[in-house]
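All remarks here apply to the structure that follows.
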Amino acid sequence: MKNYPIHYKTIKAGGLNIFYREAGPKNAPIILLMHGYPTSSVMFRNLIPILSEKYHVIAPDLPGFGFSDVPARGEYAYTFDNLAKSMQAFIDNMGLKRFAIYIFDYGAPVGLRLALANPEKITGIISQNGNAYEQGLLDWSNGLVKAYWDHDTKENRDALRKYFTLEGINFQYRQGVADQSLIAPEGIYIDDHQMQRHDNVEIQLDLLRDYRTNVALYPTFQAYFRKYQPRLLAVWGSKDPYFSPAGAEGFKKDDPNTIVKFYDTGHFALETHGEEIGRDILDFMPGLPQ
């Protein structure tokens with residue numbers, strides 16, 4: 001099997017420079033990888049070589065994350081609607097006509113907004129702890145996030161700052177993982193380093209406040225699953241502190257073309273089960289329409 005190099009590129013989309021990783025044969029079916037918080041396309045560093053043996057893989061950094069532009073809060077609204085608009089500009093400027101989409105964490109509500117806007121482009125969905133069901137939501141903050149959603153006060157906002165620290169990022173990566181030696185430290189280091197950029201904590205607090213709009217859209221996402229019934233593979237860390245296994249099982253209720261696979265790990269399942277998830281995606285892909 002040919003080894004395809006990973007290319008690191010930037011494209012102008014919606015007035016922003018969007019960084020992305022790209023690998024695999026140009027004429028192969030496309031898989032678009034959408035990262036989550038607090039990371040970037042670097043989370044796919046080990047998955048891309050597996051998938052790119054057979055597929056054309058593209059992994060952008062969302063605005064405010066990774067190596068994409070980080071526009072000032074007064075110049076760019078950090079909402080999930082706006083992130084989706086930026087990613088729409090990205091897929092339009094890249095000329096992507098048909099693709100499977102991998103959604104994770106924050107990349108789920110962004111990616112599902114893209115699916116709503118472009119149902120004809122989506123060949124299939126891989127959801128890795130990418131939630132779309134209220135029963136999948138776990139109260140990891142002991143009510144602090146709900147209080148912030150209900151009342152956007154300085155007190156409620158400040159109570160959440162502790163989650164945007166090195167300790168909070170370590171929790172993201174390590175909670176629910178049995179063998180801690182499988183967690184590569186560089187991912188945590190990179191995410192923490194970027195969290196310390198100017199105003200980034202404020203940006204993340206803005207996005208966390210806006211996350212309530214994703215929950216409000218869950219019924220719309222579910223209606224999409226019922227109407228289009230895309231082939232869907234849910235690959236889920238069963239010990240995720242944010243999104244429970246019920247979130248993965250929820251897809252089956254609306255989409256009979258759903259396959260659910262659980263892995264004994266936490267939120268960042270690729271860190272511990274990347275090869276296994278990669279193989280499961282490779283098994284899933286040939287059944288998709290192209």
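The basis for the numbers below is simple: all heavy atoms, side chains too, and nothing from hydrogens, waters or symmetry mates.
Smallest separation of non-hydrogen atoms from Y76 and P63: OH-CG, 3.6 Å. Nearest heavy-atom pair across D255 and T258 is O-OG1, 2.8 Å. Heavy atoms only, all atoms of each residue included: Q135 and G250 are closest at NE2-CA, 4.1 Å. Nearest heavy-atom pair across A59 and S41 is O-CB, 3.4 Å. Residue I48 comes nearest to A23 through the heavy atom pair CG2-CB, 3.7 Å, listed as atom of the first residue, atom of the second, then distance. Nearest heavy atom pair, residue R226 against residue P219, reads NH2-O, 4.4 Å.
To the nearest 0.5 Å, atoms CZ (R21) and CG (L33) are separated by 10.5 Å. For the atom pair S52 OG and I31 CD1, the distance stands at 9.5 Å (nearest 0.5 Å). The line from CG of D61 to CD of Q194 is 7.5 Å long, rounded to the nearest 0.5 Å. Note that CG of L47 is 12.0 Å distant from CZ of F104, once rounded to the nearest 0.5 Å. Taken from CG in D206 to CG in D199, the straight-line distance is 8.5 Å, to the nearest 0.5 Å. Here the CG-CZ distance, from L232 to F225, works out to 6.0 Å after rounding to the nearest 0.5 Å.
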Less than 3.5 Å apart, which donor and acceptor atoms pair up between the side chains of residues 271-285 and the rest of the protein, not counting sequence neighbours?
residue, atom, partner, partner atom, Å
E271, OE1, R45, NH2, 3.1
E271, OE2, R45, NH1, 3.4
E271, OE2, R45, NH2, 3.4
T272, OG1, T265, OG1, 2.6
T272, OG1, A269, O, 3.4
D280, OD1, K261, NZ, 3.3
D280, OD2, Y263, OH, 2.6

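Y133 and Q222 are not linked by any side-chain donor-acceptor pair at a separation below 3.5 angstrom, with hydrogens and angles left out of the test. In this structure, a donor-acceptor pair under 3.5 Å is absent between the side chains of S141 and Y148. Defined by atom type and a distance below 3.5 Å, a donor-acceptor pair is missing between the side-chain atoms of Q204 and Y163. With 3.5 Å as the limit, one finds a donor-acceptor pair spanning the side chains of N118 and Q88. With 3.5 Å as the limit, one finds no donor-acceptor pair spanning the side chains of T10 and N17. Between the side chains of R98 and T123, no donor-acceptor pair of N or O atoms lies under 3.5 Å. Defined by atom type and a distance below 3.5 Å, a donor-acceptor pair is missing between the side-chain atoms of H151 and N156.
Using a 4.5 Å heavy-atom threshold, the side chains of F243 and D105 count as touching. Contact check for P119 versus K227: no side-chain heavy atoms found under the 4.5 Å cut-off. A heavy-atom distance below 4.5 Å is found between the side chains of F65 and L207. Side-chain contact between P245 and F262 is present, with at least one heavy-atom pair separated by less than 4.5 Å. P60 is not listed as a side-chain neighbour of F19, based on a closest heavy-atom distance of 4.5 Å or more. Put simply, the side chain of S244 does not reach to within 4.5 Å of the side chain of W236, judged on heavy atoms. The side-chain heavy atoms of P230 and Y224, taken from C-beta on, include a pair separated by under 4.5 Å. Residues R212 and V215 are not in side-chain contact: their nearest non-hydrogen atoms beyond the backbone lie 4.5 Å or more apart.
Counting non-hydrogen atoms of neighbouring residues, nucleotides and ligands closer than 6.0 angstrom, the OH atom of Y211 exceeds 12 such neighbours. Counting non-hydrogen atoms of other residues, nucleotides and ligands closer than 6.0 Å to CD of E167 gives a total of 12 or fewer. Heavy atoms of other residues, nucleotides or ligands lying less than 6.0 angstrom from CD of E155 number 12 at most.
A donor-acceptor pair under 3.5 Å is absent between the side-chain atoms of T39 and the main chain of H35, judged by distance alone. Of the possible donor and acceptor atoms, one in the side chain of N82 sits under 3.5 Å from a partner among the backbone N and O of A77. In this structure, D191 contributes its side chain and I169 its backbone to no donor-acceptor pair below 3.5 Å. Listed for the D240 side chain is a donor-acceptor partner under 3.5 Å among the backbone atoms of Y242. Distance alone, capped at 3.5 Å, places no donor-acceptor pair between the D192 side chain and the I188 backbone.
Ion pairing between a basic and an acidic side chain is recognised when a charged N comes within 4.0 Å of a carboxylate O; K9 and E22 show such pairing. A salt bridge links R161 with D158: at least one charged nitrogen is closer than 4.0 Å to a carboxylate oxygen. Between D139 and K146, no side-chain nitrogen of the basic residue sits less than 4.0 Å from a carboxylate oxygen of the acidic one, so the salt-bridge criterion is not met. The pair R113-D81 meets the salt-bridge criterion, since a charged nitrogen lies less than 4.0 angstrom from a carboxylate oxygen.
With hydrophobic clusters built from ILVMFWY side chains whose heavy atoms lie under 4.5 angstrom apart, V177 shares a cluster with L166. Follow the hydrophobic side-chain contacts under 4.5 Å out from F164 and you never reach I190; the two are in separate clusters. Y189 and Y37 sit in two unconnected hydrophobic clusters of ILVMFWY residues. Membership requires side-chain heavy atoms under 4.5 Å apart, directly or through other members. Follow the hydrophobic side-chain contacts under 4.5 Å out from L144 and you reach W140 in the same cluster. Side-chain heavy atoms closer than 4.5 Å link hydrophobic residues (I, L, V, M, F, W, Y) into clusters, and following such links, possibly through other members, connects Y8 to L16.
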- Task: Decide yes or no on side chain to side chain donor-acceptor pair (under 3.5 Å) for Q128 and Y102, but give the supporting numbers first.
- Result: CA-CA 7 Å; Q128 190 253 294; Y102 180 117; 2.9 Å; yes
- Task: Using the side chain to side chain contact (heavy atoms under 4.5 Å, CB included) rule, take I18 and D69 through it: C-alpha gap first, then chi angles, then the decisive distance, then the call.
- Result: CA-CA 6 Å; I18 301 297; D69 278 352; over 6 Å; no
- Task: Would you please test E202 and R73 for side chain to side chain contact (heavy atoms under 4.5 Å, CB included) and show each step?
- Result: CA-CA 8 Å; E202 302 306 323; R73 292 168 66 220; 3.7 Å; yes
- Message: Is there a side chain to side chain contact (heavy atoms under 4.5 Å, CB included) between I126 and I103? Walk through the geometry before answering.
- Response: CA-CA 6 Å; I126 301 133; I103 58 175; over 6 Å; no
- Stepwise side chain to side chain contact (heavy atoms under 4.5 Å, CB included) check, V201 with T165: CA-CA 9 Å; V201 171; T165 61; over 6 Å; no
- Task: Run the numbers on N200 and Q196 for side chain to side chain donor-acceptor pair (under 3.5 Å), then give the verdict.
- Result: CA-CA 7 Å; N200 198 15; Q196 295 177 40; over 6 Å; no
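Using the six-membered ring where Trp is involved, F221 and Y218 have ring planes that are tilted, between 30° and 60° apart. Using bins of under 30°, 30° to 60° and over 60° for the plane-to-plane angle, the ring pair F90/Y20 lands in the perpendicular bin.
Between H267 and Y173, a ring centre-to-centre spacing not shorter than 6.0 Å is recorded.
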